[in-house]
Amino acid sequence: MKMTFHNHKDCLPFQRLYGPLEGIVSSISYDSRNARKNTAFFCLRGTNCDGHLFIKEAIDNGASLIVGEDEAILRHFSYQYDHITFLSVEDLKNALSLFSSYFYHHADQALTTVGVTGTNGTAGIWDHEKELNFTNTTHTTPEAPNLHETFSHFVQKGLKAVSMEVTSIAIEQKRIEGILFDIAVHTNLTPDHLDFHNSFEEYKKAKLKLFTHTKKAVVNLDIEETL
């Protein structure tokens, strides 16, 4: 996919650009080890790791676009690699989700989408025939590039609808930014993921955010604690 980056700020909102204004992007990665020719590498920050530390590895593996939040680091690398485009963004997770949707041609919009929260965990990705061997670095809701790749696969297979688990962590980490579900379903609310959310109230607030991403909501009222 050839891109003129200034023309695509809606799908990749950035503050500063260093390097070429145009480039080719053929894949998305947030793991420098998986970068290849013309990859867009997003420097995600995790609990124990900062993707900005792996910019050189991503470039050595063929990345053509580097997206991060630390402008000073991106500017520093742009002096060394003037053939690479570097984009500084305010919210990397939001940018990753929006760009993933754009890269896969907004495949989610071609499907009837049902997002379910409160499932107490699911595993695997299935189409109408079998379990699919998709790479997924999480045990539940995939990261945005993997999620939109899955949507694209379903559209190419001719499927019309998808039902998926949407965890509170995925909501907080903005993996579903840009998605408007046709239906959001809440099944139950029990203390969970408090190591991530710090309190039950914060966990509950995270769950509620799902309903800002949907056209219609279905809530199970037959539980002791409801949203």
Side-chain angles (χ1 to χ4, degrees), residues 1-3 5 8 10-13 23-44 46 51 54 57-58 61-68 85 87 89 91-117 119 121-167 169-182 184 210 213-214:
M1 176 186 294
K2 185 173 183 179
M3 297 186 64
F5 298 109
H8 294 86
D10 55 337
C11 69
L12 189 48
I24 295 175
V25 175
S26 60
S27 64
I28 305 171
S29 181
Y30 45 87
D31 185 333
S32 59
R33 295 169 296 182
N34 296 332
R36 57 183 187 271
K37 184 177 179 182
N38 295 327
T39 288
F41 175 64
F42 284 74
C43 307
L44 284 185
F54 302 94
E57 181 178 20
N61 287 340
S64 60
L65 171 65
I66 307 294
V67 187
T85 300
L87 298 180
V89 300
D91 188 332
L92 189 68
K93 292 178 180 177
N94 178 68
L96 176 60
S97 291
L98 295 180
F99 186 69
S100 297
S101 177
Y102 171 80
F103 183 81
Y104 287 104
H105 307 289
H106 305 292
D108 58 296
Q109 297 178 17
L111 298 162
T112 297
T113 50
V114 180
V116 184
T117 192
T119 59
T122 59
I125 299 174
W126 297 72
D127 63 14
H128 60 303
E129 296 175 332
K130 62 183 185 301
E131 185 172 9
L132 304 176
N133 187 27
F134 273 100
T135 300
N136 189 10
T137 57
T138 75
H139 295 297
T140 55
T141 311
E143 295 284 358
N146 309 110
L147 180 58
H148 288 279
E149 180 186 13
T150 303
F151 290 149
S152 178
H153 171 81
F154 288 160
V155 170
Q156 292 175 32
K157 292 274 288 187
L159 303 185
K160 302 299 182 184
V162 60
S163 176
M164 60 172 282
E165 178 185 22
V166 183
T167 66
I169 295 175
I171 295 170
E172 286 295 276
Q173 294 186 341
K174 303 185 179 181
R175 299 178 201 167
I176 62 167
E177 287 299 301
I179 297 175
L180 183 63
F181 291 99
D182 290 286
L210 175 61
H213 291 269
T214 189

(request) Could you tell me whether a side-chain N or O of Thr214 sits under 3.5 Å from a main-chain N or O of Phe181, the two making a donor and an acceptor? (result) yes

(request) Report the distance from atom CG of Asp127 to atom CG of Leu132, rounding to the nearest 0.5 Å. (result) 4.5 Å

(message) Angle between ring planes, Tyr102 versus His106, binned at 30° and 60°: parallel, tilted or perpendicular?
(response) perpendicular

(message) Between Ser32 and Glu57, do the side chains contain a donor N or O and an acceptor N or O under 3.5 Å apart?
(response) yes

(message) Nearest 0.5 angstrom please: Gln173 CD to Leu96 CG, how far?
(response) 11.0 Å

(message) Ring centroids only, cut at 6.0 angstrom: are His148 and Phe151 within range, meaning strictly under it?
(response) yes

(message) Would you say that Val166 contacts Arg175 through its side chain, given a criterion of any heavy-atom pair below 4.5 Å between the two side chains?
(response) no

(request) First locate atom CE of Met164, then atom CD1 of Ile179, and finally report the distance between them rounded to the nearest 0.5 Å. (result) 6.0 Å

(message) Can you confirm whether more than 12 heavy atoms, excluding those of Asp10, are under 6.0 Å from its CG atom?
(response) yes

(request) Taking side-chain contact (heavy atoms from CB on, under 4.5 Å) as the test, write out the residues that go with Leu98, two or more places apart. (result) Pro13, Asn94

(request) With rounding to the nearest 0.5 Å, note down the distance linking OG1 in Thr141 to CD1 in Ile171. (result) 8.0 Å

(request) Please confirm whether the backbone N or O of Thr85 pairs with a side-chain atom of Ser64, one donor and one acceptor, at under 3.5 Å? (result) no

(message) Give me the atom names and distance for the closest heavy-atom approach of Phe41 to Tyr30.
(response) CE1-C, 3.7 Å

(request) Any chance you could measure His105, atom NE2, to Ser152, atom OG, to the nearest 0.5 Å? (result) 7.0 Å

(request) Flag the pair Leu44 / Leu92 as yes when at least one side-chain heavy-atom distance between them is below 4.5 Å, and no otherwise. (result) yes

(message) Testing the basics here: between Asn61 and Ala35, what is the closest heavy-atom pair and its distance to 0.1 Å?
(response) CB-O, 3.3 Å

(message) Just by distance, no angles: are the side chains of Ser29 and Thr39 close enough, under 3.5 Å, to form a donor-acceptor pair?
(response) no

(request) Identify the two heavy atoms, one from Gly23 and one from Phe5, that lie closest to each other, and give their separation to 0.1 Å. (result) N-CE1, 3.6 Å

